[in-house]
Amino acid sequence: MIIKNKNLNIIQIADSGQCFRMNRIDEKKYGLVAYDNYIELYQIDRETVEITCSEEEYHQIWKEYFDLDYDYNSIVLHLTNGNDAFLKKAAEYGEGIRILRQEPFEILISFIISQNKNIPSIKCCIERVCEKYGEGKAGYFTFPKPEKLAAATKEDLRKLKLGYRDEYIIKAAQAITNGEINLANLMKCSYEDAAKELKNIRGVGDKVANCISLYGLHHIDAFPVDVWIAKVLKEIYDNRFDVDMYKGYAGIVQQYMFYYMRYLKKV
DNA sequence: TGCCAGGAAGCCG
DNA sequence: CGGCTTCATGGC
C-alpha cells in the first residue's frame, strides 16, 4: 500500500516523542504496533511512504491513525511564510511531522510512565508492560487493555522497573474500568475541560494532561510544556511566547518546536 | 559520582 | 501562588 503526502515523514514522526512503539528497523524503515496491529513503514522518498497492509486495513485503521485527511501543508506554509524566525525554521525542518491519533488508554498510561524519564527509557518500560500484560501476537505484543492493568499488583509492576509510577498506573487503569474517567467523552469536550478532568488522576499533572489531550484525545489545541519546550520558551522567546496566536493548532506548533529544539541541541 | 530525563506531589513561606 | 524536596531508574 503506497501513500502520497507532502507532510508524512515516518522518520520524523518516530523521533518526535509522541509515540513510543514506532521503532527503527533500518534507516528508512520502521515497525509500529498500534490498535493491536503491527505494520512496517518505508519512507520511499520525500512524499511517498509504503505501508505493509491491505488497502482495506489502511482505510479502516491507518488513514485515520496518521490523520491523513488533515491538511498539514497549509500550517507549514503559514509558519514558513510568517514572521517568526524560529517557527519558520522549525516548521521547515519538521514538515513531515503529524499528530497521530493514538489509542487514548495507551497514551494515558504511556505518558504517566514518561514523567522524569528520557525517551529510550520510556520505550523500554512500555515494552516491558506490553510483554507482561499485553496479548502475544506473531512477533509482537499488543498494548494491554485497561482491565489487565487495573488487576495488576504493585509488586508485579515493581519488577518492570517503573519506579514510583507503578501505583499511578494501576489507579489510572482502575479509573477507566470503573467509569470514573471516560476517555471517549473527554475526546468530545474542550481540551481545557479534558485536561482538568485528567488531572484528577494521581500522577497526571499539567504537562502529562496536555500530552494525553494532544496525542491521545487529539485536542490539537493542547500545548504540553516539557523541559525542551521550556527551553524554547525561555531561550528563544524570553518567556514571552504568545500561544494564543496559534489557536486551533498550537499542539502542532509545539511539536515542530520540540523536534527542532532537540535537533539543535543534539548537533 | 553527579546530573539529567517529554514531572508530579507534598510542604513551606 | 512560587520555590524546594523527594520519588525510582537508567544512561552517560
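Residue numbers begin at 1 in each chain, while the letters A, B, ... track the order of the sequences.
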**Message:** If the cut-off is 4.0 Å, is A:Arg165 near the phosphate of B:dA9, judged by side-chain N/O to OP1 or OP2?
**Reply:**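 The answer is no; no side-chain N or O of A:Arg165 sits under 4.0 Å from OP1 or OP2.
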
**Request:** Ignoring backbone atoms, test whether A:Lys159 places a side-chain nitrogen or oxygen under 4.0 Å from the OP1 or OP2 oxygen of C:dT9.
**Result:** no

**Asked** Taking all non-hydrogen atoms of both residues, which atom of A:Phe111 and which atom of A:Val208 are closest, and how far apart?
**Response** O-CG2, 3.3 Å

Can you tell me the distance, in whole Å, between the [atom1] atom of [X] and the [atom2] atom of [N]?
| X | N | atom1 | atom2 | value |
| --- | --- | --- | --- | --- |
| A:Asn116 | B:dA5 | CG | P | 9 Å |
| A:Glu167 | B:dG7 | CD | P | 19 Å |
| A:Arg128 | C:dG10 | CZ | P | 7 Å |
| A:Ile112 | B:dG6 | CD1 | C1' | 14 Å |
| A:Asn239 | C:dG2 | CG | P | 12 Å |
| A:Tyr164 | B:dG10 | OH | C1' | 14 Å |
| A:Lys123 | C:dG11 | NZ | P | 15 Å |
| A:Lys171 | B:dA9 | NZ | P | 12 Å |

**Request:** Please state the P separation for the pair B:dG6 and C:dC4 - nearest whole angstrom.
**Result:**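 So the two P atoms sit 23 Å from each other.
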
How is [X] classified with respect to the nucleic acid when contacts are heavy atoms under 4.0 Å: base, sugar-phosphate, or nothing?
| X | result |
| --- | --- |
| A:Gly203 | sugar-phosphate |
| A:Ser16 | base |
| A:Asp206 | sugar-phosphate |
| A:Lys231 | sugar-phosphate |
| A:Leu162 | nothing |

**Asked** Between the base of B:dA5 and the side chain of A:Asp226, is there a donor-acceptor distance below 3.5 Å?
**Response** no

**Message:** Can you say whether a donor on the side chain of A:Tyr168 sits under 3.5 Å from an acceptor on the base of B:dG7, or the other way round?
**Reply:** no

[X]/[Y] ion pair, N-O < 4.0 Å:
| X | Y | result |
| --- | --- | --- |
| A:Arg21 | A:Glu103 | no |
| A:Arg101 | A:Asp67 | yes |
| A:Asp36 | A:Lys145 | yes |

**Message:** Just checking A:Lys231: does its NZ atom have more than 12 heavy atoms from other residues, nucleotides or ligands closer to it than 6.0 angstrom?
**Reply:**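 Buried by this count: over 12 neighbours within 6.0 Å.
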
**Request:** Count the heavy atoms of every other residue, nucleotide or ligand shown that sit under 6.0 Å from NZ of A:Lys132, and state whether that count exceeds 12.
**Result:** yes

Side chain of [X] only, please: which of [options] is the nearest?
| X | options | result |
| --- | --- | --- |
| A:Ser114 | C:dT9, B:dG6, B:dA9 | B:dG6 |
| A:Pro224 | C:dT9, B:dA8, B:dG6 | B:dG6 |
| A:Lys161 | C:dT9, B:dG6, B:dA5 | C:dT9 |
| A:Gln254 | C:dT9, B:dG6, B:dA9 | B:dG6 |

**Prompt:** Hey, which of these two, A:Gly17 or A:Val204, hits DNA chain B nearer its 5' end, going by closest nucleotide?
**Reply:** A:Gly17

**Prompt:** A:Arg202 or A:Tyr215: which one's nearest nucleotide on DNA chain B is closer to the 5' end?
**Reply:** A:Tyr215

**Request:** Please indicate yes or no: is the ring centre of A:Phe111 less than 5.5 Å from the centre of the six-membered base ring of B:dG6, with the two planes inclined by under 30 degrees?
**Result:**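 No, A:Phe111 does not stack on the base of B:dG6, since the centre distance and plane angle fail the 5.5 Å and 30° test.
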
